[in-house]
Structures are given as C-alpha cells and as structure tokens.
Amino acid sequence: MNRGFGDWDGSIEDAKRLQRQLAEQVVLRDDFADPPRWLAGFDVGFEQEGAITRAAAVLLDAESLLPVASEVARVDTTMPYVPGLLSFRELPALLAALDRLPHVPDLVFVDGQGIAHPRRLGIAAHFGVATGLPAIGVAKKVLCGRHEAPGPSPGDRTALIHRGERIGWMLRSKARCNPLVVSPGHRVSMDSAVDWVLRTLRGYRLPEPTRLADRIASRRGDLLG
DNA sequence: GCGACAG
DNA sequence: ATCTTGTCGC
C-alpha cells in the first residue's frame, strides 16, 4: 500500500472522507496467530515544543510479557492535534517505529481509540488497516459514546455505545483507577480486545505493551524500573 | 446554538 | 501531549 493516507489531499474534509473509506476495511473478527508469539505496544510523545513527534515501539514475548526490543522514531510534526483526526498527526511516526522492530508483531496495542471513534477509525484502527496487522486500541479517555460506570473490581466492564452501535468497552483494569477505553482496531473481535488487555495486565492501570511504550515515548526512562 | 473533544 | 513536587486518599 502506501503510508496509510491513500489519496488524501491534505484537507480536513478529505481526511474525514478517507476515514470513512478506510473504516469499511476494518475487520472485526479474530484473525491473528493463535497463540500469538509477538506482541507490540505503541505510543507517541513530543520533543522541542511539539516540533518533533517521537514514537516508541516495544516488542514483547506474548508468553512472558517481557520486552525483547524497543525502538524510537523521530519525525517532523506536520499536523496540529485535532480531536477525531489524531492518526493524521501521529501515524507516520508510529509506522516508522514499527519498521525498526526486529520482528513483525502478531498483535499490536496502540495508545488511543480503535473503532471507538466518530467515523469508526481511531488511530489503532487506522494503524491496523494501514499495516494489515491485528490491532487493539487502549485509550485513557472517551472520545465519543455513552456508557455506564463499570464496577469497582479489576475486570469489570460496561459497553461503550455510539449512535446505537457497540464501539468498545469501559474496562476497570485496576482498583481505584479510572477505567480504560478498549476497542478493537483491526482483525480482532470486541470480546478478544478486552480479553487481551486483561491478559497483558501486570498490576498497573495500563497493559504491558502500552505501558512500556508510554514510558519510552514520554522520556521517562527505559524498560527498567 | 451549546457543549464535548483520543493524544 | 506538555510544564512539574509534594500531597491527599485508599
């Protein structure tokens, strides 16, 4: 394919048109190695007052959840942050980081929404369609949709609904912590999306793939501590 | 028209 | 996202 932006002309309106077009290509069924061998987590941070976009990619062994590699890619920031168009700002850096990993992951976790998006193409879904890789979106806040508050225990969840459609889950990953917004991105079912987030938790609010990528992208240190 | 609004 | 230490609550 290209780089994930097809024939986008650079305008806001055309970006939305492309999102609706790419959203039609999203696959919401489980279609990845069973069991997956390699997992990967992705997140973005910024340097120089936002002039540079820094993407972090961490590869983990699916069985042990231990990181086996981590890469950082820096690219010039081109677009401003616009709610609903996040991927147009961050996807280029994420793809650059992906290219640096020593192995192609079997399942990817991206910090942000999957299909829990106004046009069903959050950054995790865009990443999935652009790369063809199975992806799950793990966000810290809701972009759109309504929901009931999930119970207090880890694992408790409620449905996130937008315009009558089921678009994701509100998941309590850890006691006394705000719930996560989990939604499938590509080649992953609604149920597997939450199951995999739960299976990769390590006592923190965020699942390991995203938690580790977060630390690196935000310049807090390496894979230790 | 008004408020909300991933990172 | 980012600027940033201690502090309140469980």
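The shown structure was predicted, so the numbers you read here are calculated from the model rather than taken from an experiment. Residue numbering restarts at 1 for every chain, and letters A, B, ... go by the order of the sequence lines.
Scanning DNA chain C for stems, defined as runs of 3 or more consecutive Watson-Crick or G-U wobble pairs whose donor-acceptor distances all fall under 3.5 Å, gives no such range.
Looking at residues 105-121 of chain A, you'll see A:D111, A:Q113, A:H117 sit with a heavy atom under 4.0 Å from some atom of DNA chain B. Shown for residues 139-175 of chain A: residues whose heavy atoms fall under 4.0 angstrom of DNA chain B, namely A:A139, A:K140, A:K141, A:V142, A:L143. A heavy atom lying under 4.0 Å from DNA chain B marks the following residues of residues 75-85 of chain A, by number: A:Y81, A:P83, A:G84, A:L85.
A distance of 10.5 Å separates CG in A:D99 from CD in A:E71, rounded to the nearest 0.5 Å. Distance check, rounded to the nearest 0.5 Å: CZ of A:F46 to CZ of A:R54 gives 9.5 Å.
A tilted orientation is assigned to the rings of A:F5 and A:F88, their planes being inclined by 30° to 60°. A tilted orientation is assigned to the rings of A:F127 and A:F42, their planes being inclined by 30° to 60°.
As judged by a 4.0 angstrom heavy-atom cut-off over every strand, A:G122 is placed among the base-contacting residues.
Taking side-chain N and O atoms only, A:S87 has no distance below 4.0 Å to OP1 or OP2 of B:dA6.
Hydrophobic clustering (side-chain heavy atoms under 4.5 Å, transitive across Ile, Leu, Val, Met, Phe, Trp, Tyr) groups A:F32 together with A:I115.
Residues A:S11 and A:D9 have side chains that bring a donor and an acceptor to within less than 3.5 angstrom of each other. For the residue pair A:D111 / A:T210, no side-chain donor-acceptor distance below 3.5 Å is found, with atom types taken as modelled.
Exactly one residue among A:K141, A:K174, A:R205 makes a side chain to side chain contact (heavy atoms under 4.5 Å, CB included) with A:L180. That residue is A:R205.
Salt-bridge check for A:R120 with A:E24: failed, with every basic side-chain N at 4.0 Å or more from each acidic carboxylate O.
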So what is the 5' to 3' dot-bracket string for DNA chain B, if pairs are Watson-Crick or G-U wobble with both distances under 3.5 Å, crossing pairs use [ ] and | means the partner sits on another strand?
-> .......
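A:R89 forms no cation-pi arrangement with A:Y81, by the criterion of a distance under 6.0 Å to the ring centre and an angle within 45° of the ring axis.
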Dump the pairs, protein N or O against N or O of nucleotides 7-10 of chain C, anything under 3.5 Å, distances to one decimal.
none

